Amino acid sequence: MIEAKGLSKSYGSVHALRGLDLEVQPGGIYCLLGANGAGKTTTLNLFLGFIQPTNGAASIAGHVVHVDPVAARRQVAYIPETVMLYGMLSGVENLDYFAKLSGCTHDQAALRGFLQRAGLNPTAHDRPLKTYSKGMRQKVGVAIALARNARALLLDEPTSGLDPKASNEFSELIAGMARDGAAILMATHDLFRARETGTHIGIMRDGVLRAEFVASEIDHGTLENEYLKIMKED
Ligand code: ATP
């Protein structure tokens with residue numbers, strides 16, 4: 001569902017991403033770890049078609065992003081660290097607007113159903129977004145992904161700045177979407193969440209995917225040691 005083959009991106013002499021091979025199947029949650037500047041956001045931006053690869057290809061549901069960005073984007077929902085929404089509009093109005101923007105029209109009951117599935121209390125549905133906490137905004141982001149019936153989900157540090165309970169709730173939502181068949185690729189700095197929520201974990205450094213693990217086959221201590229070892233290598 002989400003696939004990179006020899007995916008590379010350079011900016012002049014800066015190799016932001018080098019020869020990335022990666023695959024996320026439906027039901028999979030692939031967590032990309034790496035220090036600042038490792039190439040995680042570059043990877044997501046290539047899958048979203050925001051930037052063009054220097055070499056290789058990123059595909060979503062078999063559509064090569066730089067060849068057919070419209071077909072690829074139709075299958076994808078993106079949740080950044082801070083979900084950009086309209087502060088003056090309510091949760092349900094934002095959801096209606098962004099779902100329609102991607103060609104999905106739902107009636108009020110369905111929209112409220114998506115918000116509820118995303119864990120947003122009905123008492124908040126009609127409040128302006130500017131009164132929402134960060135966790136609540138992330139839930140609207142999830143509701144938009146649900147309303148679009150996205151088969152692939154790209155997340156860039158979605159739990160950064162959330163309190164542990166909100167972060168846990170968000171991770172459970174993501175896990176639920178994967179159980180329903182979505183393929184999920186998530187950039188994160190949170191080793192704990194990566195191991196708890198992810199099915200697969202990749203560690204990047206300097207634009208290179210240096211190690212990959214099946215989350216259920218590695219304990220937290222070992223993952224932390226592997227991560228630190230890679231970060232300290234010359
Ligand atoms: P962070 O954890 O800080 O978000 P990251 O792993 O997402 O980091 P990227 O943003 O993908 O890292 O950056 C990878 C490398 O590419 C960095 O060296 C960065 O400076 C470089 N880079 C990214 N975008 C550009 C650009 N537009 N022009 C030049 N260099 C860039």
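Both ligands and their constituent atoms are indexed starting at 1 by order of listing. This is a predicted model, so every value here is computed, not measured.
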Subject >> Option nearest atom 3 (O) of ligand 1 (shortest heavy-atom distance, choices Leu46, Asn36, Asn45, Leu33) >> reply: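 When every heavy atom of Leu46, Asn36, Asn45, Leu33 is considered, Asn36 comes closest to atom 3 (O) of ligand 1.
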**OP:** Could you name the option among Leu17, Thr43, Thr42, Leu44 that has the heavy atom nearest to atom 9 (P) of ligand 1?
**Re:**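 Ranked by closest heavy atom to atom 9 (P) of ligand 1, first place is Thr42.
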Any chance the side chains of [X] and [Y] put a donor and an acceptor closer than 3.5 Å?
X: Arg148; Y: Ser102; value: yes
X: Arg112; Y: Gln108; value: yes
X: Asn225; Y: Thr222; value: no
X: Thr188; Y: Asp190; value: no
X: Thr131; Y: Arg127; value: yes

Nearest non-hydrogen protein atom, [atom]:
atom: atom 21 (C) of ligand 1; value: Val14 CG1, 4.0 Å
atom: atom 2 (O) of ligand 1; value: Lys40 NZ, 2.8 Å
atom: atom 27 (N) of ligand 1; value: Tyr11 CE2, 3.5 Å
atom: atom 14 (C) of ligand 1; value: Gly37 O, 3.3 Å
atom: atom 10 (O) of ligand 1; value: Thr41 CB, 3.7 Å

Original post:
Which residue pairs pass the salt bridge (charged side-chain N to carboxylate O under 4.0 Å, His left out) test with at least one member in residues 78-94, sequence neighbours excluded?
Top reply: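 For residues 78-94: Glu81-Lys134.
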Just which atoms of ligand 1 are under 4.0 Å from any heavy atom in [X]?
X: His189; result: 2 (O)
X: Glu157; result: 2 (O), 4 (O)
X: Ala38; result: 5 (P), 6 (O), 12 (O)

**OP:** Only counting residues at least two apart or in another chain, list the ones meeting ring-ring contact (aromatic ring centres under 6.0 Å, His included) with Tyr30.
**Re:**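 Expected list: none.
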Original post:
Below 4.0 Å from any atom of ligand 1, is there a heavy atom belonging to Gly39?
Top reply: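 Judged by the 4.0 Å heavy-atom criterion, Gly39 does count as contacting ligand 1.
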Original post:
At a non-hydrogen distance cut-off of under 4.0 Å, which region of Ala187 contacts ligand 1 (side chain, backbone, both, or neither)?
Top reply: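 It is neither part, as no heavy atom is under 4.0 Å.
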**OP:** Measure Met204 to ligand 1 on non-hydrogen atoms and call it side chain, backbone, both or neither using the 4.0 Å cut-off.
**Re:**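 No part of Met204 is near ligand 1 at this cut-off.
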**OP:** Answer yes or no: are there more than 12 heavy-atom neighbours, outside Arg210 itself, under 6.0 Å from its atom CZ?
**Re:**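 More than 12 within 6.0 Å, yes.
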Original post:
Using the ring of each side chain (for Trp, its six-membered ring), is Tyr86 parallel, tilted or perpendicular to Phe98, with breaks at 30° and 60°?
Top reply: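 The rings of Tyr86 and Phe98 lie parallel, inter-plane angle below 30°.
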Subject >> ligand 1 to Ala16 polar contact by distance, N or O atoms, under 3.5 Å >> reply: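 No, Ala16 has no N/O under 3.5 Å of an N/O on ligand 1.
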Subject >> Pair Phe114 and His106, ring centroids less than 6.0 Å apart >> reply: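 Yes.
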Original post:
Does the protein put any heavy atom within less than 4.0 Å of atom 23 (C) of ligand 1?
Top reply: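 Under the 4.0 Å cut-off, atom 23 (C) of ligand 1 does have protein heavy-atom neighbours.
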